[in-house]
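Report on the structure given below.
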There are 2 protein chains.
Amino acid sequence: MAAGSTATKQDSEPLVVLEEFLPYRLNVLAGLTSSALAQIYAERFGLSIPAWRVIVTLGQYEHRTARDMAPPGVMHKSTVSRAVAALEKRGLIVRRPNLDDRREELLALTPEGRAIYEAVAPEALAVAESLLSVLTPQERDTLSTLIDKLTGRARVLAPRDVEEGEG
Amino acid sequence: MAAGSTATKQDSEPLVVLEEFLPYRLNVLAGLTSSALAQIYAERFGLSIPAWRVIVTLGQYEHRTARDMAPPGVMHKSTVSRAVAALEKRGLIVRRPNLDDRREELLALTPEGRAIYEAVAPEALAVAESLLSVLTPQERDTLSTLIDKLTGRARVLAPRDVEEGEG
DNA sequence: TGTTATCGGTTGCGGGTGCAACGATAGGCG
DNA sequence: CGCCTATCGTTGCACCCGCAACCGATAACA
C-alpha cells in the first residue's frame, strides 16, 4: 500500500478552495445581483439585460449608435444588434440612419421607451440601493475603487474582442 | 470622446448612470474575469465553467453528490447534471450510487480527472493572483469582506431556486 | 481614380443554461 | 401496508449569446 493512501478524506491538500476563489465569488455575486434585477426587467417590463442597458444608455444620452453600446468586454455587438432589433419592434426606440456616415444608425427612445425607462429606472436604483445598504458610505467608496482597479486589470487579462482596440 | 458634444446631451437629467451602477459594474468585472479564466479552462483543457467547478470541488472533497454542487443561487441543478454527464463521458469522474439513499450518486475524480485538476488549478490560481496583484494585502482583505457582505444581501434579494430548502 | 482595408451592423450556427415536467426513491403518517 | 409528499437527478424545450462570416459604406493609399 502506498504511503498514506488509505484515508477517506483528501490526503493531498486541495490546491483551490472554491469558496475562496475570487473569480468564483465575483461570479456568484454578480449572478445573484443580476438575478434580482432581471426579476424586475423581465417580469414587469419584458426587458432582457442587454435591452435594459440600451434603454438606460439612451436615457442618459440623447442618441447613440449601436457601436457605442458595445465597448470591449461588455456586450458583444451581435448582442446589441439583437436587443436593438427587439426594442425597435416593440416601438420603444427608433433608428435613424446617420446621413454623414451611412454605415451607422442613431438610436433614440420613443415616448413609449422613455416611459418605460422612467418606470424601470427607479426600481432598479432601489434594488441597487438595497444591496448597498449593508455597506457604510466609506465602504461604498472603497468598493468602487476596488472594482475599478480589478476591472482595469481584468481588461488586460481578458482575451475578449481583439477585433477592437489593437493598434 | 472626441466630440465636444454638449449640445446633444439629455435635457432631462439621467436617472441612472450605467457606468456608476453597481450591478452593471459587477457584471462587467465578473464577465471579464470569467473570460480570462475560460480561456484556460476551455482552450487548454476542454472544460466549461460548471465542469471546472465540479472538478475543483471534487479536488477539495473526496466525494460529493451533484446536489452539493448546486447550492442556491450558484449553479442550477440541471447545469450540474449536464456538467457531470460530460465529465463522466470523458472519464474524468466516476459516479457510484449511494446504497443508503439510491436517489443520489456519489461523485469522485478518476486519476485522469485528478491529473487535469492538478494541471489546471495552478494556472487558474495564477490568473486570480495576477488579478489581485493590483491590490495591496489590506485591500484584498477589504474586498473579501465587502464581497461577503454584498453576497449575503444579494441572496436575500434574489429570487433564485425557491425550490430549495429555503430555510 | 481604382484597389484594398477597415468599420458599423446583421445573421446562421453551435453551445450553454434556466425552467418546468418527469421518473425514481425515500420518509411521514394513518 | 398504502397513500401522499418531498427530494435527487434527468431531459425536452426555448431562449440567449459569442463567434465568425458576411454586406454595404467609408477611408486610406497608390
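Chain naming here is simple, since letters A, B, ... match the order of the sequence lines and numbering starts at 1 in each. Only a predicted model underlies this, so the values are computations on that prediction, with no experimental measurement involved.
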Next on the checklist: If you assign each of Val80(B) and Ile49(A) to its closest nucleotide in DNA chain D, which residue comes earlier from the 5' end?
Outcome noted: Val80(B)

Next on the checklist: Could you go through Leu47(B) and Arg90(B), starting from their C-alpha distance and side-chain angles, then the distance that decides it, and tell me whether this counts as side-chain contact (heavy atoms from CB on, under 4.5 Å)?
Outcome noted: CA-CA 11 Å; Leu47(B) 298 177; Arg90(B) 284 181 60 190; 3.7 Å; yes

Item to check | Close side-chain approach of Arg25(B) to Ser144(A), heavy-atom, < 4.5 Å | outcome: yes

Checklist entry - Within a strict 4.5 Å, meaning less than it, do heavy atoms of the Tyr117(B) and Pro14(A) side chains meet? => result yes

Next on the checklist: If I take atom CD in residue Glu104(B) and atom C1' in nucleotide dT10(D), what distance separates them, rounded to the nearest angstrom?
Outcome noted: 16 Å

Item to check | Residues Thr151(B) and Asp148(B): side-chain donor-acceptor under 3.5 angstrom | outcome: no

Table of protein N/O atoms under 3.5 Å from nucleotides 11-16 of chain D N/O atoms:
from    : atom 1 : to       : atom 2 : distance (Å)
dG12(D) : O6     : Arg82(B) : NH1    : 3.3

Checklist outcome for this item: Testing dA26(C), dG9(D), dA25(D) for proximity to the side chain of Arg102(A), the answer is dA25(D)

Item to check | Between C1' of dG18(C) and CG of Leu32(A), the distance in whole Å | outcome: 15 Å

Checklist entry - Considering only dT10(C), dC8(D), dT17(C), which nucleotide approaches the side chain of Arg67(B) most closely? => result dC8(D)

Checklist entry - For the pair made of CG in Asn98(A) and P in dA27(D), what is the distance, rounded to whole Å? => result 11 Å

Checklist entry - Going by an N to O cut-off under 4.0 Å, is there a salt bridge joining Glu88(A) and Arg95(A)? => result yes

Next on the checklist: What I want to check is whether an N or O donor and acceptor connect the side chain of Arg103(B) with the base of dT7(D) at under 3.5 Å.
Outcome noted: yes

Next on the checklist: So which atom in Arg114(A) and which in Leu58(A) form the shortest heavy-atom distance, rounded to 0.1 Å?
Outcome noted: NH2-O, 4.0 Å

Checklist entry - Taking only N and O in the side chain of Arg95(B), is any of them less than 4.0 Å away from OP1 or OP2 of dT10(D)? => result yes

Item to check | Length of the CG-P vector between Asp101(A) and dC7(C), whole Å | outcome: 12 Å

Next on the checklist: Output the rounded distance in Å from CD (Glu105(B)) to C1' (dT25(C)).
Outcome noted: 12 Å

Checklist outcome for this item: Here the distance between atom C1' of dG15(C) and atom CG of Leu47(B), to the nearest Å, is 15 Å

Checklist entry - Do Arg53(A) and Asn27(B) touch side chain to side chain, with heavy atoms closer than 4.5 Å? => result yes

Item to check | For atom CG of Asp68(B) and atom P of dT7(D), their distance in whole Å | outcome: 15 Å

Checklist entry - Please give, in whole Å, the distance from dT17(C) P to Trp52(B) CH2? => result 16 Å

